[in-house]
Engineer: 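Handing you a structure now.
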There are 2 protein chains.
Amino acid sequence: MVKFSKKLEYALISLRHISNAGDEVTRVRDISEKYSIPHDLLAKILQKLKKENILASSQGINGGYTLSRKLDEIPLSELVSVIENGTSIVECMHDEDNNCLINDSCTIKDPLSKIQNEFENILKTKMISDFV
Amino acid sequence: MVKFSKKLEYALISLRHISNAGDEVTRVRDISEKYSIPHDLLAKILQKLKKENILASSQGINGGYTLSRKLDEIPLSELVSVIENGTSIVECMHDEDNNCLINDSCTIKDPLSKIQNEFENILKTKMISDFV
DNA sequence: ATAAAACCGGACTAATATAGTCGTATTTAA
DNA sequence: TTAAATACGACTATATTAGTCCGGTTTTAT
C-alpha cells in the first residue's frame with residue numbers, strides 16, 4: 001500500500017555514491033554498473049536531480065555528475081517530490097468534476113489528510129544526509 | 001507514490017456507517033448502495049474485518065454486520081495491516097534468496113526502515129474512532 | 001574529426017499492484 | 001423450501017510503476 005518507489009531508492013544510492021566520490025565526477029555508467037541499475041532509467045533520474053539543482057553536471061568526454069548542494073541541506077521531501085509525480089496519500093472519491101460522491105456525509109478525507117500531513121512532516125525533517 | 005488504497009477508504013466508510021447503526025445489523029448492500037461501492041468487493045473487505053474480530057456477522061436472511069469492538073480501541077495500523085497485505089514501505093533490492101544485491105555497501109534499507117517505523121507509529125497512535 | 005559523455009523527449013513494452021467480477025457454497029428466518 | 005444474506009476462491013480488468021527504445025542534440029578532451 002504505502003511504499004517508496006525504486007526510483008527513490010536509485011536516487012538515494014546515486015547521491016550516496018556521488019557524495020563519496022567527492023570532487024571526482026561520476027558517470028551514469030559507473031553507478032548503473034556497480035549497483036545493477038538500468039542505465040537509461042538512471043540517466044533520467046539524475047537529469048531530474050540536476051534540474052532540481054541537487055546535482056551539477058559537466059558534459060563532454062570526461063563529463064559526469066557531482067553534488068551541487070550539501071546533502072544535509074536537502075530534505076527527503078524535496079527528493080520525493082522531484083522523483084515521484086505528487087505525494088498525495090489520500091485521494092477522495094470524486095467524479096471527473098472533482099465533486100465528492102459521498103456528498104455531505106464525507107468526513108473521511110479530512111482526517112486521512114491529517115495523516116498525510118504528519119507523514120509529509122517526517123519527510124521534511126529528514127535530510128538526505130540521514131540516509132547516506 | 002505513497003497513498004492509501006480504496007479498500008482502506010471503503011473500510012473506514014463502512015465502519016463509520018455500522019457504528020452509527022448501533023445495534024441494528026447492516027447489510028453489505030446497505031453500504032454499497034449508499035456509497036456506490038461495488039458490492040462484491042465490499043463484501044470481501046467486511047469479511048476480512050470479521051476475521052480480525054473488528055466486526056461480528058450473522059448469516060441468513062436477516063443477517064449482516066455489527067461492531068465487535070469499540071472503534072476507539074482499534075488503531076489504524078491494525079486496519080491497514082488487515083486490508084493491505086503487509087505495510088512495508090521499503091523493499092530492499094534482493095534476489096529470490098533474500099540476499100542483498102548491493103552486498104556490503106547497502107546502507108539504504110536501514111535508514112528508510114526508520115522512516116517506515118515512524119510512519120507506523122503514527123498509524124498506531126491513531127484510533128479508527130479518530131476518523132469516524 | 002572523433003568518441004564519449006550529458007541532455008532531451010516521447011513512445012513503447014513489461015511487470016506489478018490494485019480494483020473489481022463471477023460462480024458457488026453455506027446459513028437461516030419466514 | 002425458498003429467498004436473502006454471508007463466505008470464499010478463482011478470475012478478469014485497470015492503473016501504476018519499471019524499464020526499454022528511438023532518434024536525436026550538445027559538449028569537450030584528445
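So that the names make sense, note that chain A is the first sequence line, chain B the second, and so on, each numbered from 1.
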Engineer: For a side chain to side chain contact (heavy atoms under 4.5 Å, CB included) with Arg16(B), tell me which candidate from Asn20(B), Leu12(B), Ile18(B) qualifies.
Structural biologist: Asn20(B)
Engineer: dA19(C) P sits how many Å from His39(B) NE2, rounded?
Structural biologist: 19 Å
Engineer: Taking the side chain of Tyr10(B) as heavy atoms from C-beta outward, which of dT27(D), dG20(C), dT17(D) is closest to it?
Structural biologist: dG20(C)
Engineer: Check every atom of dA5(C), dA6(C), dT28(C) against the side chain of Ile61(B) and return the nucleotide holding the closest atom.
Structural biologist: dT28(C)
Engineer: Leu8(B) has an atom CG; how far is it from atom C1' of dA17(C), in whole Å?
Structural biologist: 16 Å
Engineer: What's the closest nucleotide to the Val28(A) side chain, out of dT20(D), dT21(C), dA6(C)?
Structural biologist: dA6(C)
Engineer: dT18(C) phosphate, OP1 or OP2: any side-chain N/O from Lys6(B) under 4.0 angstrom?
Structural biologist: no
Engineer: For the salt bridge (charged side-chain N to carboxylate O under 4.0 Å, His left out) test, which of Lys124(A), Lys48(A), Arg69(A) pairs with Glu78(A)?
Structural biologist: Arg69(A)
Engineer: Does a distance-only test, which skips hydrogens and angles, find a donor-acceptor pair under 3.5 Å between the side chain of Lys44(B) and the base of dT6(D)?
Structural biologist: no
Engineer: Can you identify which nucleotide, out of dA4(C), dA6(C), dT30(D), has its nearest atom closest to the Asn62(A) side chain?
Structural biologist: dT30(D)
Engineer: Glu84(B) has an atom CD; how far is it from atom P of dT18(C), in whole Å?
Structural biologist: 7 Å
Engineer: Provide the closest heavy-atom pair for Ser14(A) versus Leu42(A) in the form atom of the first, atom of the second, distance.
Structural biologist: OG-CD1, 3.3 Å
Engineer: When you measure from the side-chain N and O atoms of Arg29(B) to the phosphate of dA5(D), is any distance below 4.0 Å, counting only OP1 and OP2?
Structural biologist: yes
Engineer: Would you say Ser57(B) places a side-chain N or O within less than 4.0 Å of OP1 or OP2 belonging to dA7(D)?
Structural biologist: yes
Engineer: Consider the side chain of Pro38(B), meaning its heavy atoms from C-beta on, and name the nucleotide among dT20(D), dG20(C), dA7(D) that approaches it most closely.
Structural biologist: dG20(C)
Engineer: Which of the following nucleotides, dG19(D), dG20(C), dA6(C), is nearest to the side chain of Tyr65(A)?
Structural biologist: dA6(C)
Engineer: Does OP1 or OP2 of dC8(D) have a side-chain N or O of Lys51(B) closer than 4.0 Å?
Structural biologist: yes
Engineer: Distance check needed: dA30(C) P versus Gln59(B) CD, whole Å only.
Structural biologist: 16 Å
Engineer: Side chain of Gln47(B) only, please: which of dG20(C), dA6(C), dC8(D) is the nearest?
Structural biologist: dC8(D)
